[in-house]
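Right, one structure below, let's go through it.
Ligands are counted one by one from 1 in listed order, and the atoms in each one are counted from 1 as well. For reference, positions follow the sequence shown, starting with 1.
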Amino acid sequence: MRVYNFSAGPAALPLPVLEQARDELLDWQGGMSVMEISHRSRAFMAVAEQAEADLRDLLAIPPNYRVLFMQGGATAQFSAVPLNLSEAGATADYVHTGHWSERTIKEARRFVTVRIAADEAASSYTTVPEPSALDLTPGAAYVHYTPNETIGGVAFPYIPETGDVPLVADMSSTILSRPLDVSRFGLIYAGAQKNIGPAGITVVIVRDDLTRRARAGTPMVFDYRAVADAGSMLNTPPTFGWYFAGLVFRWLKREGGLTAMAQRNRAKAEALYGTIDASSFYANPVARNCRSWMNVPFRLAKPELEKTFLAEADVAGLTNLAGHRAVGGMRASLYNAMTLEGVAALVDFMHDFERRYG
Ligand code: PMP
């Protein structure tokens, strides 16, 4: 029995993709699984190339961008970005909107002079800066921001305008949730374990000219040029994750691509925020113009009931609704694989719980 899984990541994956992977597990293309063949075999190379082609299609990635399948998670990119895009002693601008931007900033400080272009501490990280409030440094190596804060549930409703300075985005928890104008970015990175596939692979989309600047001493596996030149196969890649990501990209295309995903994700988010806002029993602290479609944190007016809420939700087949350990409360993550029915079931449960305990 499958449950409705609201995990923030690793997160629910599309059922048809899981079924296909299951069906192909023992015998993929002749008596072996895809995990049991060389990454350099013709059969696997075809998987790898098709996955990239489908991702390019889904996001309409312009030809002057390279798609890299890397390892080390999004966290490895926290250091790979400064190592590849800045010289020693250079300055880079960072926008601080919550937990993940803070983690990024902390790591970046080891490599680059970080200037904070905006810090939303005053709102306890329930807002994003107005475009005009971004204090950008002329000539900075790049500007980094986190379009969707997975823990805070805060999302940028706009793409910052940075002129000639490359814009870098940690899209771990929002990539593929809606159409995106990739040409506005110098670099986009995302860990796979939310909207792409199992943990273990990191997608990097980088403008070609930005792959030529790595500092001397950058580890080879994090040097974008080296990785690009090797077709993301400098060493053995996580082949199963790559294969699985390819199946997810195929599924997204069958479902109507990112325009269809955006419609579905908007409907899911509206149903849940609508329920929260219609009642004084539930509350979401995030400013309305920047509420995430992917991660919806909420609290109960009676915090002493939160344990009961989570336990009863679990029994009702609604799992992994506990908020991040740093903040508590509840959080429902609504990535692409979460269905409208799943959100409807959560909303029904919330109404019922309020009726019984409100
Ligand atoms: N950035 C964001 C926005 C995230 O949500 C996460 C993980 N939840 C990370 C970075 C860290 O990713 P990883 O564990 O793949 O390094």
Shortest protein contact, atom 11 (C) of ligand 1 (heavy atom only): W100 CZ3, 3.5 Å

Geometric N/O contact N148 with ligand 1, under 3.5 angstrom: no

Interfacing atoms of ligand 1 (cut-off 4.0 Å, heavy-atom, T150): 2 (C), 3 (C), 4 (C), 5 (O)

Where ligand 1 meets G73 - atom numbers and elements under 4.0 angstrom, heavy-atom basis: 15 (O), 16 (O)

Identity and separation of the nearest protein heavy atom to atom 12 (O) of ligand 1: A74 CB, 3.5 Å

Aromatic ring proximity, centroids under 6.0 angstrom, H39 and F44: no

Closest protein heavy atom (residue, atom, distance) for atom 14 (O) of ligand 1: Q193 NE2, 3.5 Å

Heavy-atom gap K194 to ligand 1 smaller than 4.0 Å: yes

Inter- and intrachain pairs under salt bridge (charged side-chain N to carboxylate O under 4.0 Å, His left out), touching residues 135-153, at least two apart: R115-D135

Distance-only N or O hit between ligand 1 and F78, under 3.5 Å: no

Beyond-backbone contact of T104 with V81, side-chain heavy atoms, under 4.5 angstrom: no

Greater than 12 external heavy atoms within 6.0 Å of R356's CZ: yes

Min N/O separation D170 to ligand 1 under 3.5 Å: yes

Aromatic ring proximity, centroids under 6.0 angstrom, F309 and F349: yes

Part of S172 with heavy atoms under 4.0 Å of ligand 1, whether side chain, backbone, both or neither: side chain

Close aromatic pair by centroid cut-off 6.0 Å: F6 and Y335: no

Contact check, Q77 vs ligand 1, heavy-atom distance below 4.0 Å: no

Nearest neighbour in protein (non-hydrogen) for atom 16 (O) of ligand 1: T75 OG1, 2.5 Å

Residues in salt bridge (Lys or Arg N to Asp or Glu O under 4.0 Å) contact with D119, at least two apart in sequence or another chain: none

Any side-chain donor near an acceptor of the partner, R215 and S86, under 3.5 Å: yes

